[in-house]
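Notes follow once the structure below has been shown.
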Amino acid sequence: MVCFRKVFMIRNYYKKKILQAVQETFPDILSDLSGIDILKPRKPEWGDISTNAPMIIAKVLKKRPDETASLLIKTLNDINHRTSGGHFASRIEFAAPGFINIFFSREFMFGILNSIFESGYRFGYSDEKKGEGYLVEYVSANPTGPLHIGHGRGAVLGDVICRVLKCCGYDVLREFYVNDAGAQVKNLVLSVIERIKEIEGKGEANIPEDGYKGEYVREIAQRLILETKIGYESALENQAVVREFAVNYMLDRIKSTLGTLGVEFDNFFSESILFDRGMVERCIREFESESKVFEKDGALFLRMENNDDDKDRVLRKSNGYYTYFASDIAYHRDKFERENGRFQKIIDIWGSDHHGYIPRMKGAVRLLGYNPENFIVILVQMVRVLKDGKPVKMSKREGDFITLDEIMQDVGRDATRYTFLMRKGDAQLDFDIDILKSQSLNNPVYYAQYGYARICSILRKAAEAGIGLPAGISKEDFDGLVLSEELDIIKKMGEFPDLLDNISKSLEPHLLVYYIQELQAMFHQYYTKYKKTEKVLSDDPVKLNGRLALIIALKTVLKNAFDLMGVDAPERMSMKGDEDEE
RNA sequence: GGGCCAGUAGCUCAACGGAUAGAGCAACGGCCUUCUAAGCCGUAGGUUGGGGGUUCGAGUCCCUCCUGGCUCGCCA
């Protein structure tokens, strides 16, 4: 058997073999070979994995691609026969204009299946990069209102990115930045106080221009009165009390929504702490001593020109207050410095309306003495909510919006998460409430879950028939797997570790959805095609054991993928028309 | 006006610079006495916004134009 140790990535495995072949065939070649690529062919007749190496080498050596290819194939065949424990390829072919196509051997596919059983729920996981730290900040909604759908998208994306990074062996900290020091919170406080006045009948609520008019503000006021016995006048005098209560109330509510969504955080980092601990001042003092700032018109500017930004930026306004940018610099410095530099990479997930802020923050990171490349911003486009076919205007201040809680009540957590994960973050997304409500049975998440439930159903049937489930795959039972659909499913499952590695680098979790969708389609097709002829529960004991092993492995891979997406993997699903059961 | 992102099937979107551009919805026609029909099969649908360029090869990279979104504060 081909040796599978720890995480096994097919791409890397074959890349090694091909590079080895290149070295052995052309020992004198010195050029840069980074153009050599390992591809997954689109057509079955092009093999299971292929490379463009002949073309790259042909260019360097000024030879014809078919010449370099035939030499490489010769060496590859040689290596294939030398490989201890079994061959990795059953066929190695040339294809015009200069590809080498490799077909997996049965030994290789047996190895994939075997490694799924060996790794189980950790299949696809890695501990290779252990120690490399990522601090991922996401959501970070102002505690001035309930979460809306846009927050949900960022939350799910951040959550799944963290899950994938963790399983790829990174040291991950999930953080929520609480903007509890700025003007927005102040506006909330004033709004709450006005509602208190209204409730006590001391006049009409006079919500300030930048205040919040949502119903929840009245709720905060009512609770505040109830729990602290505070009145209008004392609230005016003790705004800090109102502030603390309101922020805590909103944070609790936000946390509860996140809990429903299945999104967790390791840390909630308060903006106020940056000021309380003098972290903002410290940054500014150091910038001053390094002549990175200057005063103009009574304000303090950070020199950003000719850096990453196109403009000098204000850190301290002429009224003496610091800008949001100033505290954000201190915050990001802390991220890099925290726990003796535990985090090499800082990832922020922002709404794409903040994209103009990226050069500024990158520049600040550079001025702090860190490499801006280690500060990565993922942008998430705002979600447009459609109702009655028309976009719903959403204004937090006007209190006119659909909350994330309401969305989840309508379509459920799984569908909500799945919908957000279906597209990459920086693409516009329409969330049509009516369609998701009325056609929720058509939701793609059910397609994915249905396949899982089907597998469980077969395994239940097997148990009922007294058939023991295999805990692994033996060489003999593997002989029962000969249908091309079966082998294709095995190959696809083998891609899972590559996929996770890819996502951990590209930070694009939507690939997970596409993978599940494809894998499920393969299973549904296989199931339907053979439900009358070649059932999993075959009378032939070799086929039976092979197929049981296949679907148990499939169940494992699917479960792992679902877990990473935070979507439920149901053991059974009721069919249409069965609603009245139970 | 400057900057960032996008423009791919009727709609929503995929496709590390690789071979004949793919799914899902929607449309049309089929498949349930058998391991779950929330499934499967088939048909139709495209000059990848337009035009140049780079090379063995471009939806992908460069230039330019068109269109849309976002953004250009001593707001956060």
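All chains are named by letter (A, B, ...) in the order of the sequence lines, taking the proteins before the strands, and each is independently numbered beginning at 1.
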pair I358(A)-L379(A): side-chain heavy atoms closer than 4.5 Å: yes

Got a salt bridge between D312(A) and R360(A), using NZ or NE/NH1/NH2 to carboxylate O under 4.0 Å? no

Taking it one step at a time, do F269(A) and F176(A) satisfy ring pair (Phe, Tyr, Trp, His ring centres under 6.0 Å)? CA-CA 6 Å; F269(A) 191 99; F176(A) 185 120; over 10 Å; no

Is atom NZ of K317(A) surrounded by more than 12 heavy atoms (other residues, nucleotides or ligands) closer than 6.0 Å? yes

Nearest-angstrom distance from the residue atom CD1 of I18(A) to C1' of G18(B): 14 Å

When we call it a touch if two heavy atoms are under 4.0 Å apart, what does H510(A) touch: a base, just sugar-phosphate, or nothing? sugar-phosphate

Could you tell me whether C32(B) is syn or anti, where syn means a glycosidic angle within 90 degrees of zero? syn

Please enumerate all protein N or O atoms sitting under 3.5 Å from an N or O of nucleotides 29-35 of chain B, with distances to 0.1 Å.
unit_1 : atom_1 : unit_2  : atom_2 : d
C35(B) : O3'    : K461(A) : NZ     : 3.3
C35(B) : O2'    : Y527(A) : OH     : 3.4
C35(B) : O2     : L537(A) : N      : 3.4
C35(B) : N3     : V536(A) : N      : 2.9

Is it possible for you to check whether K296(A) lies under 6.0 Å from the centre of the six-membered ring of F301(A), through NZ or CZ, and within 45° of that ring's axis? yes

For N319(A), I'd like to know if atom CG has over 12 heavy atoms of other residues, nucleotides or ligands within 6.0 Å. yes

Looking at every strand, decide which applies to S50(A) at a 4.0 Å heavy-atom threshold: base, sugar-phosphate, or nothing. base

Compare all side-chain heavy atoms of Y357(A) with those of W350(A) and state whether any distance is below 4.5 angstrom. yes

Taking the side chain as every heavy atom from C-beta outward, state whether H510(A) and L421(A) have any atom pair closer than 4.5 Å. no

If the C1' atom of G57(B) is compared with that of A19(B), how far apart are they to the nearest Å? 9 Å

Does R91(A) make a cation-pi contact with F103(A) (under 6.0 Å, within 45 degrees of the axis)? yes

For A453(A), report the nucleic acid contact type (base, sugar-phosphate, nothing); a contact means any heavy atom under 4.0 Å. base

Check K529(A) with E534(A), please: is the shortest side-chain N to carboxylate O separation under 4.0 Å? no

Between U47(B) and A26(B), how far is it from one C1' atom to the other, in whole Å? 25 Å

Measure from NZ or CZ of R316(A) to the centre of the six-membered ring of Y321(A) and say whether it is under 6.0 Å with the direction within 45° of the ring axis. no

Select base, sugar-phosphate, or nothing to describe what D328(A) touches, counting heavy atoms under 4.0 Å on all strands. nothing

At under 4.0 Å between heavy atoms, what does R313(A) touch on the DNA or RNA strands: base, sugar-phosphate, or nothing? nothing

Spacing of F523(A) atom CZ relative to C41(B) atom P, expressed in whole Å: 14 Å

Between F325(A) (CZ) and C74(B) (P), how many Å, whole number? 12 Å

Only residue of I100(A), T51(A), I18(A) satisfying side-chain contact (heavy atoms from CB on, under 4.5 Å) with L72(A) is I100(A)

Give each stem of RNA chain B as a range with a range, requiring at least 3 consecutive Watson-Crick or G-U wobble pairs whose two distances are under 3.5 Å. B:1-7 with B:66-72, B:10-13 with B:22-25, B:27-31 with B:39-43, B:49-53 with B:61-65

Select from N52(A) and H354(A) the residue whose nearest nucleotide in RNA chain B is closer to the 5' end of that strand. N52(A)

Decide whether Y526(A) and E486(A) meet the rule of one side-chain donor and one side-chain acceptor closer than 3.5 Å. yes

Would you call D488(A) and K492(A) a salt bridge, using N to O less than 4.0 angstrom? no

Taking N or O atoms only and anything under 3.5 Å, show me the protein contacts with nucleotides 44-47 of chain B, one pair per line.
none

Note: contacts of residues 61-69 of chain A with RNA chain B (heavy atom, under 4.0 Å) are none

When rounded to the nearest Å, what value does the distance between C1' atoms of G46(B) and C13(B) take? 15 Å

Would you measure the distance from the C1' atom in A23(B) across to the matching atom in A76(B) and give it in whole Å? 40 Å

Mind listing the N/O atom pairs, protein and nucleotides 1-7 of chain B, below 3.5 Å?
unit_1 : atom_1 : unit_2  : atom_2 : d
G3(B)  : N2     : H355(A) : NE2    : 2.6
C4(B)  : O2     : H355(A) : NE2    : 3.4
C5(B)  : O2'    : D426(A) : OD2    : 3.2

For nucleotides 22-24 of chain B, list the nitrogen or oxygen atoms of the protein found under 3.5 Å from its nitrogen or oxygen atoms, one pair per line.
unit_1 : atom_1 : unit_2 : atom_2 : d
G22(B) : OP1    : R42(A) : NH1    : 3.1

Should the pair K491(A)-D48(A) be classified as a salt bridge under the 4.0 Å nitrogen-to-oxygen rule? yes

Check K461(A) with E464(A), please: is the shortest side-chain N to carboxylate O separation under 4.0 Å? no

When you compare C28(B) with C66(B), how far apart are their P atoms, in angstrom units rounded to a whole number? 41 Å

How far does the P atom of U48(B) sit from the matching atom of G22(B), given to the nearest Å? 13 Å

Applying a 4.0 Å non-hydrogen cut-off, can you work out what A58(A) is touching in the nucleic acid: base, sugar-phosphate, or nothing? nothing

By nearest-nucleotide position on RNA chain B, the 5'-leaning member of G298(A) and F99(A) is F99(A)

Inter-nucleotide C1' distance (G24(B), A9(B)), Å rounded: 12 Å

